[in-house]
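So you know, we letter chains A, B, ... as the sequences are listed, proteins then strands, and number each from 1.
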2 protein chains.
Amino acid sequence: MKGCPLQAMLSSDKDCNQKLGVAKDILDVLNGKWKMEVILLLLQYDKRRFKDLQAEIPGGVSAKVLSSVLKDLEEHHIVKRGLDDVTVEYELTEYGRSMREVISNLVELGLAHRKEVIGK
Amino acid sequence: MKGCPLQAMLSSDKDCNQKLGVAKDILDVLNGKWKMEVILLLLQYDKRRFKDLQAEIPGGVSAKVLSSVLKDLEEHHIVKRGLDDVTVEYELTEYGRSMREVISNLVELGLAHRKEVIGK
DNA sequence: CGGCATCCTTCTGGATACTG
DNA sequence: CAGTATCCAGAAGGATGCCG
């Protein structure tokens with residue numbers, strides 16, 4: 001045993017498992033069948049209505065699931081829900097827009113992973 | 001619509017959704033209740049036996065679940081399973097050791113996320 | 001010791017119908 | 001249009017027991 005292998009930490013009194021909890025926080029934000037799809041669409045369109053999002057997501061989401069996804073993303077400050085006149089429009093917050101780099105990094109890591117696990 | 005918002009891609013003929021699939025690959029590797037715990041323990045100990053891993057994981061994993069986790073990590077080239085004499089020892093592959101930086105990055109992102117979503 | 005077999009509970013997501 | 005309500009199926013994880 002050599003202590004927590006996660007350097008890059010500033011506060012030293014927290015233990016490794018708490019750090020894992022922090023890491024899982026951000027995984028939860030992106031995890032799920034449709035979260036990244038929604039974020040990507042909102043990166044493309046800036047503002048989008050519920051029905052449009054539902055129609056444009058490849059594969060097809062039920063209204064119930066899309067609703068819960070949007071609610072979840074809103075709670076995590078990724079999207080903003082706004083009543084524009086009579087309709088409802090969703091858009092990314094500034095923080096939400098910062099997810100583009102995060103997802104890009106994941107794509108990079110994913111490509112490396114496919115290379116490592118060839119043929120899988 | 002302005003095209004796929006994920007730059008940092010080299011091959012241009014694949015579309016955005018395939019890129020998301022690639023990103024999900026790496027998420028799957030780390031996602032799950034115990035995968036990162038196992039990786040962290042193996043970063044600390046280099047080699048570890050099944051029972052030891054099970055005993056040291058905080059919270060407690062059932063043998064069935066730990067078994068499936070290790071099998072999954074092995075399929076993804078993260079851990080190596082070796083019969084050392086009569087006992088079984090697990091250790092990280094070189095690729096598996098590269099997960100330390102990935103997890104560290106997630107911790108960084110998680111800290112930023114907590115800062116963004118204060119009090120949650 | 002290192003699992004696998006079985007059974008059970010919980011969580012995600014899907015299908016459909018309905019409402020303000 | 002933008003959801004909510006209900007019911008349902010499948011996967012993940014847990015508890016316990018058994019086996020080579």
Side-chain angles (χ1 to χ4, degrees), chain A residues 17 20-21 23-42 45-76 78-92, chain B residues 17 20-21 23-42 45-76 78-92:
Chain A
N17 297 309
L20 276 189
K24 285 175 181 175
D25 279 5
I26 187 73
L27 283 184
D28 282 344
V29 173
L30 297 179
N31 222 349
K33 201 168 178 183
W34 307 112
K35 293 219 186 101
M36 291 202 290
E37 274 84 351
V38 169
I39 294 173
L40 240 65
L41 278 173
L42 289 177
Y45 289 103
D46 293 345
K47 286 193 174 194
R48 217 59 185 153
R49 291 191 293 174
F50 187 92
K51 269 288 188 226
D52 293 331
L53 286 172
Q54 189 181 12
E56 284 149 9
I57 285 178
V61 216
S62 70
K64 188 196 80 173
V65 173
L66 180 57
S67 174
S68 78
V69 167
L70 287 168
K71 206 168 290 178
D72 193 77
L73 290 175
E74 197 185 356
E75 281 169 10
H76 286 83
I78 307 287
V79 308
K80 248 180 306 195
R81 182 182 184 275
L83 284 95
D84 190 57
D85 219 355
V86 278
T87 65
V88 181
E89 300 225 286
Y90 290 92
E91 65 181 310
L92 292 175
Chain B
N17 297 309
L20 276 190
K24 285 176 180 176
D25 278 5
I26 187 73
L27 284 183
D28 282 344
V29 172
L30 297 178
N31 221 352
K33 201 167 177 182
W34 307 112
K35 294 221 187 98
M36 290 201 291
E37 275 84 349
V38 169
I39 293 172
L40 239 66
L41 278 173
L42 290 177
Y45 288 104
D46 294 344
K47 286 193 175 192
R48 216 60 186 153
R49 291 191 294 174
F50 186 93
K51 269 289 187 219
D52 293 330
L53 285 172
Q54 188 180 12
E56 285 149 8
I57 284 179
V61 217
S62 69
K64 188 195 80 172
V65 173
L66 179 58
S67 175
S68 77
V69 166
L70 287 167
K71 205 169 290 178
D72 193 77
L73 290 175
E74 197 186 355
E75 283 169 9
H76 287 82
I78 306 286
V79 308
K80 249 179 304 192
R81 182 181 184 277
L83 285 94
D84 190 58
D85 219 353
V86 277
T87 67
V88 181
E89 300 225 287
Y90 291 92
E91 64 181 310
L92 293 174

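Comparing A/Trp34 and B/Thr87 against DNA chain C, the residue whose closest nucleotide sits nearer the 5' end is B/Thr87.
Regarding A/Glu89, its CD atom lies at a distance of 8 Å from the P atom of D/dA2, rounded to whole Å. Whole-Å rounding puts the A/Glu37 CD to C/dG13 C1' distance at 13 Å. Atom P of nucleotide D/dC1 and atom CG of A/Leu83 are separated by 16 Å, given to the nearest angstrom. Look at CZ on B/Phe50: it is 10 Å from C1' on C/dC4, rounded to the nearest Å. Between the CZ atom of B/Arg48 and the C1' atom of C/dG2 there is a distance of 15 Å, given to the nearest Å. Between A/Lys24 atom NZ and D/dG13 atom P there is a gap of 10 Å when expressed in whole angstrom units. Distance, A/Tyr90 OH to D/dC1 C1': 11 Å, rounded to whole Å. For B/Leu70 and C/dC4, the CG to P distance is 10 Å, given to the nearest whole Å.
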* To do: Start with the C-alpha gap between B/Leu70 and B/Arg81, add the side-chain angles, then the distance that decides, and say whether side-chain contact (heavy atoms from CB on, under 4.5 Å) holds.
  => CA-CA 9 Å; B/Leu70 287 167; B/Arg81 182 181 184 277; over 6 Å; no
* Asked: Given B/Leu66 and B/Trp34, is the side-chain contact (heavy atoms from CB on, under 4.5 Å) satisfied, shown in steps?
  -> CA-CA 8 Å; B/Leu66 179 58; B/Trp34 307 112; 5.9 Å; no
* For side-chain contact (heavy atoms from CB on, under 4.5 Å), just list the numbers for B/Leu53 and B/Leu42, CA-CA rounded to whole Å, side-chain angles, deciding distance to a tenth of an Å, and then say yes or no. => CA-CA 9 Å; B/Leu53 285 172; B/Leu42 290 177; 4.1 Å; yes
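Here A/Lys71 reaches the OP1 or OP2 of D/dT4: one of its side-chain N or O atoms lies under 4.0 Å away. Taking 4.0 angstrom as the limit, A/Ser67 places a side-chain polar atom (N or O) nearer than this to OP1 or OP2 of D/dT4.
Checking C/dG2, D/dG13, C/dG14 against the side-chain heavy atoms of A/Val65 singles out C/dG14 as nearest. In this structure, of D/dA15, C/dG3, C/dC1, it is C/dG3 that holds the atom nearest to the side chain of B/Val88.
With hydrogens and angles ignored, a donor-acceptor pair under 3.5 angstrom links the side chain of A/Lys64 to the base of C/dG14.
Remark: of the listed residues A/Leu40, A/Asp72, A/Val29, A/Asp72 is the sole one forming a side-chain contact (heavy atoms from CB on, under 4.5 Å) with A/Lys35. Only one option out of B/Glu91, B/Glu56, B/Glu89 pairs with B/Arg48 in a side chain to side chain donor-acceptor pair (under 3.5 Å); it is B/Glu56.
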